[in-house]
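Working notes, structure below.
Numbering of ligands and ligand atoms starts at 1, following listing order. The first residue in the sequence is number 1, and the count goes up from there.
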Amino acid sequence: MRHLISIEDLDREAIERIVAQAQRFAEVSDREIKKVPALRGRMVLNLFYEASTRTRSSFELAAKRLSADVVNFASSGSSVEKGESLKDTILTLSAHKPDAIVIRTPWAGAAELVSGWTSAAIVNAGDGKHEHPTQALLDVYTLTRRVGTLDGANIWIVGDVAHSRVARSNILAFQKMGAKVTVAGPPTLIPRGIEALGCEVRYRLDDLGEADVVYALRMQKERMTEAWVPSMREYATWYQINGRRLGSRQVLMHPGPVNRGIELSGEVVDSPQAVITAQVEAGVVVRMAVLYELLAGARAPEPADDREPMPA
Ligand code: CP
């Protein structure tokens, strides 16, 4: 694997390999010294053009636990504010010879574009509404630990599918792992033609009880340029996952950050069915596995020339 831009880059075998590697790294996270030398001498550049708490902190921790050197770059406070383009920023930062660039942007397709401008391995940490492949991998990891195999599992993804990169990556990843996926939400927030990805579509939650797993999505107000629902209160009335809608045997997931009281009620966020904190925890070990997969087998850095100089 050269880059991780889309879940389409991975087949089931590759997903299972990353999940198995993440399980091995979970043991490292339980140690007092949470570090292995697997990527010593490699450099990981985290390039974030968009807000992030979970993804950014877990990629940084993942790279550090593998002993890589880490450079964190946020667009605010950088020369991007003086008008430097994405391409010029990548060419500039590539002069530092990073082995991997982890990139989040609000622009669909940006990670793919960047892969053509640098020799570093590219990890898509979310590109607009397009994809968020490491979120899907950590969700597969979390669910596998909770329910065992995903073969035959019935997973409902509920809410703002239209603006969600997580929905697209997770529909693909869950199906590759053998699950049946249904997307549900108001018609304005379900993209036309999404059935082409192989999922079913529902516009009401009457049959939510069929689901083994309920995966709620955040209402992405920052990506809504017009009124997609009459009001957040109306949305919550029809689509909020709450104690009345969530069954006691169902697993509840959410990628975070959660809008408490909108897509999820506070009681279900704090319920034993919720694995939201486990998803965050999985982020570090799964991202360690992704960086390891991309870099450990790749070309080793040139050894430092520490020989004694020739005598004059
Ligand atoms: N799930 C997720 O991508 O969260 P952040 O935006 O906090 O990284």
Side-chain angles (χ1 to χ4, degrees), residues 4-7 18-19 22 44-65 70-76 100-111 122-143 145-146 155 157-174 183 185 189 213-224 241 251-260 262-264 268-269 274-291:
L4 178 58
I5 292 179
S6 162
I7 285 294
I18 290 168
V19 166
V44 176
L45 175 63
N46 291 323
L47 184 52
F48 279 70
Y49 277 77
E50 209 185 49
S52 169
T53 298
R54 281 145 280 267
T55 311
R56 189 171 160 172
S57 58
S58 60
F59 265 115
E60 181 173 351
L61 267 173
K64 286 180 172 169
R65 284 190 186 167
V70 183
V71 177
N72 292 312
F73 174 95
S75 57
S76 71
I101 297 178
V102 175
I103 180 163
R104 167 170 291 191
T105 75
W107 312 299
I122 300 301
V123 185
N124 182 4
D127 59 338
K129 294 188 279 184
H130 177 226
E131 280 226 37
H132 193 354
T134 58
Q135 177 72 44
L137 291 171
L138 73 87
D139 289 333
V140 168
Y141 173 91
T142 306
L143 258 189
R145 284 170 71 98
R146 177 76 176 220
I155 303 178
I157 299 178
V158 179
D160 182 2
V161 178
H163 298 99
S164 177
R165 53 194 173 213
V166 173
R168 190 177 151 73
S169 290
N170 281 27
I171 290 167
L172 297 172
F174 289 154
V183 296
L189 292 178
V213 178
V214 178
Y215 195 108
L217 297 171
R218 183 170 67 87
M219 285 294 275
Q220 300 201 29
K221 288 174 270 187
E222 76 277 17
R223 295 195 211 282
M224 295 186 188
I241 307 301
V251 178
L252 176 65
M253 306 183 83
H254 189 295
V258 172
N259 292 308
R260 273 184 192 246
I262 299 181
E263 66 266 6
L264 295 180
V268 298
V269 175
V275 294
I276 299 168
T277 308
Q279 289 172 264
V280 177
E281 206 178 321
V284 176
V285 291
V286 168
R287 287 168 176 134
M288 285 172 80
V290 166
L291 292 173

Handout entry: Whether Asp127 side chain and Gly109 backbone form a donor-acceptor pair below 3.5 Å
Key = yes
Exercise for the section: Under the salt bridge (charged side-chain N to carboxylate O under 4.0 Å, His left out) rule, collect the residues that match up with Glu60, sequence neighbours excluded. Expected result: Lys64
When the side chains of residues 134-141 are checked against the rest of the protein, which donor-acceptor pairs come out under 3.5 Å, sequence neighbours left out?
residue	atom	partner	partner atom	Å
Thr134	OG1	Arg287	NE	3.2
Thr134	OG1	Arg287	NH2	3.1
Gln135	NE2	Asp139	OD1	3.2
Gln135	NE2	Asp139	OD2	3.2
Asp139	OD1	Gln279	NE2	2.7
Asp139	OD2	Asn170	ND2	2.8
Asp139	OD2	Tyr215	OH	2.6
Tyr141	OH	Arg145	NH1	3.1

Any protein N or O within less than 3.5 Å of an N or O in ligand 1? List each pair with its distance, or say none.
residue	atom	partner	partner atom	Å
ligand 1	1 (N)	Gln135	OE1	3.0
ligand 1	1 (N)	Pro255	O	2.9
ligand 1	1 (N)	Gly256	O	3.3
ligand 1	3 (O)	Thr55	OG1	3.0
ligand 1	3 (O)	Arg104	NH2	2.9
ligand 1	3 (O)	His132	NE2	2.9
ligand 1	4 (O)	Arg54	NE	3.1
ligand 1	6 (O)	Arg104	NH1	2.8
ligand 1	7 (O)	Thr53	N	2.8
ligand 1	7 (O)	Arg54	N	2.9
ligand 1	7 (O)	Arg54	NE	3.0
ligand 1	7 (O)	Arg54	NH2	3.3
ligand 1	8 (O)	Ser52	OG	2.6
ligand 1	8 (O)	Thr55	N	2.9
ligand 1	8 (O)	Thr55	OG1	2.6
ligand 1	8 (O)	Arg104	NH1	3.4
ligand 1	8 (O)	Arg104	NH2	3.4

Handout entry: Donor-acceptor pair, side chain of Ser169 and main chain of Ile7, under 3.5 angstrom
Key = no
Practice task
Name all residues meeting the side-chain contact (heavy atoms from CB on, under 4.5 Å) criterion together with Val280; count only those two or more places apart in sequence or in a different chain, and write none if there are none.
Solution key: Arg54
Exercise for the section: For Arg218 and His163, test the side chains for any donor-to-acceptor distance below 3.5 angstrom and give the result as yes or no. Expected result: no
